[in-house]
Amino acid sequence: MASTLVKGPPHTEASPSPVSIHSDSESLAESSRSPQHETHRTNRHHPYSRHSHPSPPKLHFTMKSLGRNNQPDIGLTDVIKGRDILLKGLSSLSNETLALIAMAKHASLKTVRQNILQLGWEIEEAECHKLVLKAIEQEGKKRLEMAESEYSLFKKLVADRDLPTLSQDVEYL
């Protein structure tokens, strides 16, 4: 078989390179049907691992939890079974590990509490900024009223006077 191999990682004779450029169509047809090619094709790398399907009890529990099979949510028996599983798991842990779990839960509680306090202060800050902006808006409205009155006064002075009279008024002011 006459072929030119493309540069890539080194391959042994047992595992031929998956990429090759064939010089004639006959060798291309022969190589595509070779047993080595079939073995390589079935054993190639898959980017996502293939998992087996979940067991029927897992599917039933999931469907029940999601409310997809017209049954109520988790029942009392499920809660009791879950509690028993939790207690069995906790009983297998050492006292030091249980203490660390308790500390972690306490830290989580403090984190949530601090986040709520921080959000309260952020709301307070936003309300204070709102008051500041409203005060600035009121000052701006006052300046606008003053500018409008100055403009109307100036307009009256200019509209009623001719140029020589206006010059005398400016000198008087």
Side-chain angles (χ1 to χ4, degrees), residues 6-9 18-19 40-173:
V6 177
K7 285 188 176 181
V19 180
H40 177 71
R41 191 173 66 161
T42 57
N43 292 336
R44 70 177 181 228
H45 171 71
H46 297 282
Y48 302 103
S49 59
R50 296 180 184 178
H51 299 287
S52 62
H53 295 289
S55 64
K58 287 181 181 177
L59 286 175
H60 177 71
F61 179 78
T62 304
M63 295 301 282
K64 198 163 128 179
S65 298
L66 294 174
R68 299 256 172 105
N69 58 356
N70 297 327
Q71 293 181 359
D73 286 342
I74 299 172
L76 181 60
T77 57
D78 293 327
V79 171
I80 292 171
K81 286 179 186 177
R83 184 197 68 190
D84 291 342
I85 291 170
L86 176 67
L87 291 176
K88 184 178 178 183
L90 290 176
S91 67
S92 68
L93 299 174
S94 68
N95 289 340
E96 293 82 19
T97 305
L98 288 174
L100 290 173
I101 292 171
M103 286 176 28
K105 288 294 184 183
H106 186 70
S108 295
L109 172 70
K110 285 183 175 181
T111 300
V112 171
R113 184 178 292 139
Q114 290 298 323
N115 286 341
I116 290 171
L117 286 171
Q118 180 179 356
L119 287 173
W121 281 110
E122 287 177 8
I123 290 169
E124 178 72 22
E125 177 188 22
E127 289 172 352
C128 289
H129 283 291
K130 182 179 176 181
L131 292 174
V132 168
L133 290 174
K134 283 188 175 191
I136 292 171
E137 179 187 30
Q138 291 301 321
E139 290 176 7
K141 284 181 181 179
K142 288 178 184 175
R143 284 194 306 264
L144 177 64
E145 288 174 5
M146 183 171 275
E148 285 175 344
S149 66
E150 289 174 359
Y151 173 72
S152 64
L153 178 66
F154 182 76
K155 186 177 170 184
K156 285 181 185 176
L157 286 173
V158 173
D160 294 341
R161 312 258 188 229
D162 59 347
L163 189 58
T165 314
L166 185 62
S167 331
Q168 290 173 358
D169 287 344
V170 169
E171 287 176 10
Y172 174 74
L173 292 175

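Contacts of S92 classified as side-chain contact (heavy atoms from CB on, under 4.5 Å), with partners at least two apart in sequence or in another chain: none. In this structure, the side-chain contact (heavy atoms from CB on, under 4.5 Å) partners of E127, at least two apart in sequence or on a different chain, are I123, E124. Evaluation of the side-chain contact (heavy atoms from CB on, under 4.5 Å) rule for L90 yields L86, L93, L98 as partners, not counting sequence neighbours. Under the side-chain contact (heavy atoms from CB on, under 4.5 Å) criterion, R83 pairs with I80, L87, sequence neighbours left out.
Pairs passing the side-chain hydrogen bond (donor to acceptor under 3.5 Å, both in side chains) check and including a residue from residues 108-122, sequence neighbours excluded, read Q118-E122. Sorted by first and then second residue, the side-chain hydrogen bond (donor to acceptor under 3.5 Å, both in side chains) pairs involving residues 133-146 (not counting sequence neighbours) form an empty list.
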